[in-house]
Protein chains: 2
Amino acid sequence: MHSFETTIGRLRSEGFKLTPQRLSVIRYLIGNTSHPTAAVIYKDLKRKYPSLSFSTVYNTLNMLEKIGEVQSLHLFDDFLNYDPGTEAHHHFVCRSCNSIIDIFPRDAENVSLPEGDISGNRIESAQVVFKGMCRNCL
Amino acid sequence: MHSFETTIGRLRSEGFKLTPQRLSVIRYLIGNTSHPTAAVIYKDLKRKYPSLSFSTVYNTLNMLEKIGEVQSLHLFDDFLNYDPGTEAHHHFVCRSCNSIIDIFPRDAENVSLPEGDISGNRIESAQVVFKGMCRNCL
DNA sequence: CTCAAGTCAATAACTATTCTTAATACCGTT
DNA sequence: AACGGTATTAAGAATAGTTATTGACTTGAG
């Protein structure tokens, strides 16, 4: 996700209205590296916006995903996690505490992925998911 | 998934009974590289076993996953795909035809992933998902 | 063959997400 | 500052893939 100003500028230019609900979700996500679920976002924002609806959280997340400001991650069976990261990166999932840790290219010099084609198929994007035990659980 | 004999041997040794339904699912999956969903497996086997139940397909798949004979893949939003591959490999997902293509290490010499630790987290497994256009859709 | 343990089919239940609807709030225009 | 068209909201119903429940049936060890 870009800065607050950049993000709301993009919303505006795409014709979306700036509602307090949307702004609160955006503020919640900027700089958030915890990969929250929709349920967690809803629960946390509900304190400040008691009338907030679940649908609104989902609608906002879907909208932000459509314009590329967040990414949904299918790392677990039953729910999605949302990642406000915009630059390409990978993820580490701890099998003990289930935390999701961003792995940026600068910290992953040993990760090298092909570009262009693989077995005749044209690659447009690639994502790596590591699983194991995180540093805190070790 | 291993050979038919090896797989049913593992079932037997784990204390599972060998029922015609389970054998049919196992036979269906061995050598199958199409990454079928539970729904597709059910539909196909229903012709030969008209009394087959959806639960049985799911139960069998979950059992096979528990003993490591299949792997469930969360590549799409609304359903799981099942992969009888046992050796480590990656996947290519076509955004046009939605097909899932196995990418084995021998075909992916440009893929290199770290082993051991990354940023202090201990890696136990790693999976790459490529997205793009498959050779047939190009 | 017998019988207990395990499995089956049918269907109800579950849960994350999406859809529906009437009421509301945003914002360009006045 | 107020208006009005229209996108958005809140609440709850609906959806769909998967899992759990239940009572009858089957498997396979002894």
Side-chain angles (χ1 to χ4, degrees), chain A residues 7-26 28 35-67 70-83 98 100, chain B residues 7-26 28 35-67 70-83 98 100:
Chain A
T7 303
I8 65 175
R10 293 203 57 195
L11 276 205
R12 218 193 286 273
S13 72
E14 298 264 357
F16 292 108
K17 290 182 177 173
L18 303 182
T19 65
Q21 294 89 339
R22 285 175 175 169
L23 296 178
S24 75
V25 172
I26 291 169
Y28 183 90
H35 307 84
T37 62
V40 167
I41 297 170
Y42 172 71
K43 185 173 75 62
D44 286 351
L45 293 179
K46 189 81 174 174
R47 290 182 306 151
K48 207 165 185 181
Y49 299 86
S51 76
L52 183 68
S53 152
F54 232 119
S55 319
T56 300
V57 173
Y58 276 108
N59 285 339
T60 302
L61 289 169
N62 287 339
M63 177 200 65
L64 290 172
E65 186 171 23
K66 212 164 286 175
I67 67 173
V70 304
Q71 190 184 1
S72 63
L73 304 173
H74 294 275
L75 299 174
F76 296 102
D77 281 2
D78 298 336
F79 50 83
L80 296 173
N81 293 89
Y82 287 89
D83 186 340
N98 288 332
I100 302 167
Chain B
T7 302
I8 65 175
R10 293 204 56 196
L11 277 204
R12 217 192 286 273
S13 72
E14 298 265 356
F16 293 107
K17 290 184 176 173
L18 301 182
T19 66
Q21 293 89 339
R22 283 177 176 169
L23 296 178
S24 75
V25 172
I26 291 169
Y28 183 89
H35 307 83
T37 62
V40 167
I41 297 170
Y42 171 71
K43 183 173 75 64
D44 286 351
L45 292 179
K46 187 82 174 176
R47 290 183 306 152
K48 207 165 186 182
Y49 299 86
S51 75
L52 183 68
S53 151
F54 233 119
S55 317
T56 301
V57 174
Y58 275 110
N59 286 338
T60 303
L61 289 169
N62 288 338
M63 177 200 65
L64 290 173
E65 186 171 22
K66 210 164 287 173
I67 66 174
V70 304
Q71 189 185 2
S72 62
L73 303 174
H74 294 275
L75 299 174
F76 296 101
D77 280 3
D78 297 337
F79 49 84
L80 297 173
N81 293 89
Y82 286 89
D83 185 341
N98 288 332
I100 302 167

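Within every chain, numbering begins at 1; the chains are lettered A, B, ... in the order of the sequence lines, protein sequences first and strands thereafter. Just so you know, these numbers use all the heavy atoms, side chains as well, and skip hydrogens, waters and symmetry mates.
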Could you encode protein contacts along nucleotides 7-14 of chain C as a string, one character per nucleotide from 5' to 3', using B for base contact, S for sugar-phosphate-only contact and - for no contact, with a heavy-atom cut-off of under 4.0 Å?
SSBBB---
Specify the angle, to 10°, made by the local axes at the two ends of the helix from dC1(C)-dG30(D) to dT30(C)-dA1(D) when five pairs are taken at each end.
30°
Please list, chain by chain and in numerical order, all residues satisfying side chain to side chain contact (heavy atoms under 4.5 Å, CB included) with S24(B), sequence neighbours excluded.
L45(B), Y49(B)
Given 3.5 Å as the limit, does a donor-acceptor pair link the side chain of Q21(B) with the main chain of T56(B), or not?
no
With a strict under 4.0 Å distance from non-hydrogen atoms of chain A, what nucleotide opens and what nucleotide closes the contacted stretch of DNA chain D, reading 5' to 3'?
dG5(D) to dG12(D)
Please determine whether a side-chain nitrogen or oxygen atom of Y58(A) lies at a distance below 4.0 Å from atom OP1 or OP2 of dT18(C).
no
Looking at residues at least two apart in the chain, or sitting in another chain, which of them share a side-chain hydrogen bond (donor to acceptor under 3.5 Å, both in side chains) with N98(B)?
none
Applying side-chain hydrogen bond (donor to acceptor under 3.5 Å, both in side chains) to D78(B) and not counting sequence neighbours gives none
Could I get the full list of side-chain hydrogen bond (donor to acceptor under 3.5 Å, both in side chains) partners for Y58(B), not counting sequence neighbours?
none
Residues touching DNA chain D, which here means a heavy atom under 4.0 Å, drawn from residues 75-82 of chain B:
D78(B), F79(B), L80(B)
Which residues satisfy the side chain to side chain contact (heavy atoms under 4.5 Å, CB included) test with L73(B), sequence neighbours excluded?
H35(B), Q71(B), L75(B), N81(B), D83(B), H91(B), Q127(B)
Tell me every residue that passes salt bridge (Lys or Arg N to Asp or Glu O under 4.0 Å) with R12(A), counting only those two or more places apart in sequence or in another chain.
none
For N59(A), check side chain to side chain contact (heavy atoms under 4.5 Å, CB included) against everything at least two apart and list the hits.
S55(A)
Taking side-chain hydrogen bond (donor to acceptor under 3.5 Å, both in side chains) as the test, write out the residues that go with D44(B), two or more places apart.
Y28(B)
